[in-house]
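Notes for the one structure printed next.
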Number of protein chains: 2
Amino acid sequence: MGVTAEEATDDVFRALADPRRRQILRLVAQEELAAGEIAGAFDVTRTAVSQHLSVLRSADLLTERRDGTRRLYRANPDRIADLRAALDELWASSLDLGRRLVEADRAAGGDAQGGVR
Amino acid sequence: MGVTAEEATDDVFRALADPRRRQILRLVAQEELAAGEIAGAFDVTRTAVSQHLSVLRSADLLTERRDGTRRLYRANPDRIADLRAALDELWASSLDLGRRLVEADRAAGGDAQGGVR
DNA sequence: CTTCTCTGTCAGTTGTCGCTAACGTTAGCG
DNA sequence: CGCTAACGTTAGCGACAACTGACAGAGAAG
């Protein structure tokens with residue numbers, strides 16, 4: 001247990017904060033790609049892409065597989081599922097509030113106008 | 001439609017990148033709170049919290065309601081649902097790959113060790 | 001062994017982010 | 001009207017993040 005769940009979540013959110021990294025993730029979600037192929041899809045230097053890959057790997061959002069000198073990357077479904085779970089923590093709470101408001105409206109004989117808005 | 005979906009998604013992810021903002025969001029997910037009450041829950045200045053609220057509001061992650069001089073904030077479930085949908089775009093693709101790998105393992109007579117890992 | 005390809009890593013620079021302190025604004029109270 | 005309370009906004013500063021260019025290492029090819 002080197003890292004707490006909070007730290008892991010923080011790494012994931014921070015990795016996803018950059019638009020380019022999200023695009024990279026979308027790229028390797030469908031198929032396994034080499035670092036060079038990924039870099040070729042962007043206007044920035046291969047160095048920059050390599051660093052982005054490093055960030056994504058640190059957050060455990062990517063899995064790496066070596067084939068000769070090439071390194072093939074692929075999105076890690078487990079981490080995405082974890083992120084989804086972390087998001088549900090917020091979502092469930094908000095949903096609870098929404099339900100509570102609707103119920104309060106009904107109990108108070110609220111009009112049909114949708115008083116929440 | 002002043003903003004594209006990409007820009008909106010970018011705002012949301014960038015807003016969620018900061019741990020404090022996620023904590024704020026968790027705070028106002030369960031109940032509606034005033035800016036001062038939210039600020040009181042942290043060690044930083046009210047100015048800092050106000051700026052965080054501004055960022056969250058720009059991403060449309062918060063709804064604001066005024067009561068005298070006070071401003072009451074609440075998490076916006078719609079945006080969280082949107083984020084969930086944006087995440088599913090990645091998740092579905094990764095899941096497809098995961099399924100494909102498992103099937104490939106079975107077709108190749110892979111051992112029961114769970115080859116995906 | 002030499003050369004070429006593919007890739008990660010290391011300084012250095014520029015931009016962006018989060019924080020604080022001072023100020024401006026709006027609403028309630030005497 | 002004068003005063004206070006609750007906020008948002010601006011300017012300035014330190015810290016971090018993203019990008020570029022130069023360098024180093026591993027594997028394939030001759």
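Because the structure is a prediction, the values reported are computed rather than measured. Residue numbers start from 1 in every chain, and the chains themselves are labelled A, B, ... in the order their sequence lines are given, proteins ahead of strands.
The side chain to side chain donor-acceptor pair (under 3.5 Å) test applied to A:Arg46 returns no partner, not counting sequence neighbours. Shown here are the side chain to side chain donor-acceptor pair (under 3.5 Å) partners of A:Arg84, two or more places apart in sequence or in another chain: B:Asp88. Every residue was checked against the side chain to side chain donor-acceptor pair (under 3.5 Å) condition with A:Arg20, not counting sequence neighbours, and none meets it. Among residues two or more places apart in sequence or in another chain, the side chain to side chain donor-acceptor pair (under 3.5 Å) test is passed with A:Asp82 by A:Arg79. In this structure, the salt bridge (Lys or Arg N to Asp or Glu O under 4.0 Å) partners of B:Asp11, at least two apart in sequence or on a different chain, are B:Arg14. For B:Arg22, the salt bridge (Lys or Arg N to Asp or Glu O under 4.0 Å) criterion is met by A:Asp10, not counting sequence neighbours.
Contacts between residues 42-50 of chain B and DNA chain D, defined by a heavy-atom separation below 4.0 Å, involve B:Thr47, B:Ser50, listed by number. Sorted by residue number, the list of members of residues 12-22 of chain A with any non-hydrogen atom under 4.0 Å from DNA chain C is empty. Residues of residues 33-40 of chain A that place a heavy atom closer than 4.0 Å to DNA chain C, in numerical order, are A:Ala34, A:Ala35, A:Gly36.
For the helix from C:dC1-D:dG30 to C:dG30-D:dC1, the axis fitted to the five pairs at one end and the axis fitted to the five pairs at the other end meet at an angle of 10° (nearest 10 degrees).
The two atoms that bring B:Pro77 and B:Arg74 nearest to each other are CD-NH1, 4.2 Å, heavy atoms only. Between A:Ala29 and A:Ala75 the shortest heavy-atom distance is CA-CB, 3.9 Å. Residues B:Leu33 and B:Ile38 share a closest heavy-atom pair of CB-CG1, 3.8 Å. Taking every heavy atom of both residues into account, B:Leu83 and A:Leu87 meet most closely at CD2-CD1, 3.4 Å.
The residue among A:Gly68 and B:Gln51 whose nearest nucleotide of DNA chain D lies closer to the 5′ end is B:Gln51. Mapped onto DNA chain D by nearest heavy atom, B:Arg57 and A:Val55 fall at different nucleotides, with B:Arg57 at the one closer to the 5' end.
When rounded to the nearest whole Å, the span between CG of A:Asp10 and P of D:dA17 equals 10 Å. If you measure from atom CG of A:Leu72 to atom P of D:dG27, you get 15 Å, rounded to the nearest angstrom.
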- Test A:Leu61 against A:Leu16 for side chain to side chain contact (heavy atoms under 4.5 Å, CB included), laying out the working first. CA-CA 9 Å; A:Leu61 278 163; A:Leu16 262 53; 3.3 Å; yes
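Counting heavy atoms from C-beta outward, B:Leu27 and B:Tyr73 have side chains that stay 4.5 Å or more apart. Contact check for A:Asp60 versus A:Asp78: no side-chain heavy atoms found under the 4.5 Å cut-off.
A salt bridge does not link B:Arg71 to B:Glu37: none of the charged side-chain nitrogens sits closer than 4.0 Å to a carboxylate oxygen.
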Going by atom type alone, with no hydrogens or angles, which donor-acceptor pairs under 3.5 Å involve a side-chain atom of residues 49-58 of chain A and a protein atom two or more places apart or on another chain?
unit_1	atom_1	unit_2	atom_2	d
A:His52	ND1	A:Arg21	NH1	3.1
A:Ser58	OG	A:Ser54	O	3.1

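With a cutoff of under 4.0 Å to any heavy atom of chain B, the contacted region of DNA chain C is bounded 5' to 3' by C:dC17 to C:dG28.
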